[in-house]
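What you see is a predicted model; the values in this text were computed from it and never measured. When reading the values below, keep in mind they use all heavy atoms of this one structure, side chains included, and skip hydrogens, waters and symmetry mates.
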Number of protein chains: 2
Amino acid sequence: MGSKAHDILLRNLELHLQLTSEEVDAVTALPIQLAQVERGDVIVREGDKPETSFLLVTGFACTFKVSGAGDRQIMAVHVPGDLPDLQSLHIETLDAGVSAISACELGYIRHTDLRQLCLEHPRIAAILWRLTLIDAAIFKEWVLNVGRRSATQRLAHLICEIYVRLDRIGLVEQGICSIPLTQVELADCTGLSVVHLNRSMQELRANGLVRWHGKTVEVPNWQNLAKAGDFDATFLHLKPSANWLWT
Amino acid sequence: MGSKAHDILLRNLELHLQLTSEEVDAVTALPIQLAQVERGDVIVREGDKPETSFLLVTGFACTFKVSGAGDRQIMAVHVPGDLPDLQSLHIETLDAGVSAISACELGYIRHTDLRQLCLEHPRIAAILWRLTLIDAAIFKEWVLNVGRRSATQRLAHLICEIYVRLDRIGLVEQGICSIPLTQVELADCTGLSVVHLNRSMQELRANGLVRWHGKTVEVPNWQNLAKAGDFDATFLHLKPSANWLWT
DNA sequence: CGTTCTCTTGAATCAATTCAAGGCTGGTGG
DNA sequence: CCACCAGCCTTGAATTGATTCAAGAGAACG
């Protein structure tokens with residue numbers, strides 16, 4: 001107990017609420033089963049009925065669905081610390097798949113253990129609930145993004161979101177971070193064709209808003225990119241209010 | 001206590017889990033403040049920090065956001081029994097507004113009362129959490145709908161969703177129901193322009209898939225409409241598994 | 001060192017938007 | 001009771017944004 005996976009999980013939880021030492025102990029005592037997956041692997045599929053949820057310890061993953069015509073739409077990008085299928089704790093059947101965008105380390109946690117933790121520690125239950133609500137907030141923003149923004153805006157907005165979330169977990173240095181998404185995947189995030197996504201990317205580059213080569217992404221001027229992407233980080237709910245759970 | 005609002009709420013909760021008599025009593029004892037709003041009224045705004053959540057007792061509402069360019073995108077349609085801003089229980093600032101699509105009766109419930117209820121009745125907490133997860137499942141499906149389906153499919157899919165949800169609460173009779181959405185609102189749900197939405201509607205009509213006149217909507221052949229809209233109701237999670245919370 | 005992704009480009013096509021205008025309906029006031 | 005207004009629906013035509021198709025260049029991998 002007390003592995004790297006526990007550390008990542010605790011760090012994520014404590015971004016939302018300062019835990020008591022009993023709470024920290026309870027989380028640390030959680031059995032976590034480690035596993036690895038390769039880039040492109042499907043971790044869980046739509047229709048699965050898992051009895052565990054997994055913590056993304058390292059690497060990138062995405063939540064996706066496939067239309068009847070066979071087109072893929074990605075609806076969430078996951079970064080280390082995320083619990084991409086936590087919803088399965090209270091909804092038996094998965095309504096979307098999760099696949100690995102890069103090689104990933106995963107930590108599987110049994111639902112029975114999570115339920116027990118929630119019963120004994122209602123504040124942890126509240127944080128986990130909150131995490132799923134933030135996921136929902138991101139989905140809403142994506143509906144707006146895909147439904148009402150231009151191709152360039154969509155891409156800029158997506159880059160902003162990933163950038164902010166990476167920054168939060170310390171994965172951005174001097175405006176540079178590593179984002180292992182291919183243009184095919186970016187297209188599937190934004191509801192565009194690959195060709196058009198490529199042209200949108202070139203437009204961002206031409207305007208000096210991003211430098212994206214391979215996996216290395218540089219944002220020379222955050223303000224400009226945020227403006228181009230109609231991006232306002234409020235929907236990410238990065239900070240809980242001081243008096244959450246106290247009123 | 002024991003108003004129409006309580007009945008609607010209880011009926012919704014019991015669609016997910018059979019409540020014990022203590023649980024029913026606890027819900028019935030919940031103070032609910034009734035209110036009315038007119039068609040078009042904004043009930044809560046993006047950025048609000050409410051200390052209550054509201055139950056939609058009668059009428060239709062929608063969750064929406066507005067892009068920087070001023071375009072509206074609707075990301076959820078709400079029917080009686082829904083708790084459209086339940087998320088505010090654990091996220092202080094609302095990331096989307098809710099507005100009334102028809103005249104509505106609302107029942108406001110204080111967060112403090114809901115939190116107390118959750119602490120004393122963990123199974124009710126689980127149901128409420130589940131409700132927010134189902135909302136999230138719907139958002140995901142909407143990302144797919146808006147991102148990867150054709151105009152006609154999007155509209156057909158939307159009609160299917162509303163139809164199924166109305167049917168579930170007994171608001172469909174012989175394939176006919178009342179849906180007070182205008183074409184402007186349908187366009188805002190599907191990420192289309194009004195003109196194009198109108199043409200998509202005509203296509204559905206021409207193919208005998210829907211009869212939509214004013215607020216009266218008839219679905220002559222459910223199978224055909226579902227097929228045209230690439231619709232599979234799984235994502236609505238209408239029925240919990242038999243052993244939810246028991247494993 | 002070939003194979004397979006990934007990225008890029010040009011050209012033709014198509015889906016959806018915009019612009020503009022007219023018709024319908026239900027409600028309101030003269 | 002009728003005239004008028006506002007909101008909603010419908011239509012046509014021009015335009016634009018995005019897709020598709022096709023093909024080549026570059027990078028990554030065993």
Can you check each nucleotide of nucleotides 23-30 of chain D against protein heavy atoms at under 4.0 Å and return B for base, S for sugar-phosphate only, - for none, in 5' to 3' order?
--------
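- dG17(D) atom P lies 17 Å from atom CG of L192(B), rounded to whole Å.
- In the 5' to 3' direction, nucleotides of DNA chain C lying under 4.0 Å from heavy atoms of chain A begin and end at dT6(C) to dA11(C).
- Of the possible polar contacts, none joining the S88(B) side chain to the I91(B) backbone as a donor-acceptor pair under 3.5 Å is found.
- A distance-only check finds no donor-acceptor pair linking the side chain of K140(B) to the backbone of F139(A) [under 3.5 Å].
- Distances shown here put a side-chain N or O of R39(B) below 4.0 Å from the OP1 or OP2 atom of dC8(D).
- Put simply, CG on L155(A) is 12 Å from P on dA18(D), counting in whole angstrom units.
- In terms of phosphate contacts, Q183(B) brings no side-chain nitrogen or oxygen within less than 4.0 Å of OP1 or OP2 of dG7(D).
- Mapped onto DNA chain C by nearest heavy atom, T182(A) and R149(B) fall at different nucleotides, with T182(A) at the one closer to the 5' end.
- Counting to the nearest Å, the P atom of dT16(D) and the CD atom of E203(A) are 16 Å from each other.
- Of the candidate nucleotides dT11(D), dT19(D), dC8(D), dT19(D) has the atom lying nearest to any side-chain atom of H196(A).
- The closest side-chain heavy-atom distance from S67(B) to Q73(B) is not below 4.5 Å.
- Between the CG atom of L197(B) and the P atom of dC8(D) there is a distance of 14 Å, given to the nearest Å.
- Within the 4.0 angstrom heavy-atom criterion, no nucleotide atom of any strand lies near G40(B).
- Taking the side-chain contact (heavy atoms from CB on, under 4.5 Å) definition, one finds that R211(A) meets it with E218(A), P220(A), sequence neighbours left out.
- An OP1 or OP2 oxygen of dC9(D) is reached within less than 4.0 angstrom by no side-chain nitrogen or oxygen of N198(B).
- A salt bridge is absent between E203(A) and R199(A): the closest approach of a Lys/Arg side-chain nitrogen to an acidic carboxylate oxygen does not fall below 4.0 angstrom.
- When the P atom of dC9(D) is taken as reference, atom CG of D188(B) falls 12 Å away, rounded to whole Å.
- Rounded to whole angstrom, the span from the CG atom of L181(B) across to the P atom of dG7(D) amounts to 18 Å.
- Rounded to an integer number of Å, the gap from H213(B) NE2 to dC9(D) P is 11 Å.
- Of the options R154(B), R148(B), R149(B), a salt bridge (Lys or Arg N to Asp or Glu O under 4.0 Å) to E141(B) is made by R149(B) and by none of the others.
- At a cut-off of 3.5 Å, with distance as the only test, no side-chain donor of D230(A) or Q153(A) sits close to an acceptor on the other residue.
- Neither side chain, T216(A) nor H213(A), offers a donor N or O lying under 3.5 Å from an acceptor on the other.
- Inspection of the K49(B) and T93(B) side chains reveals an N or O donor paired with an N or O acceptor under 3.5 Å.
- Across all strands, R205(A) comes closer than 4.0 Å only to sugar-phosphate atoms, never to a base (heavy-atom distances).
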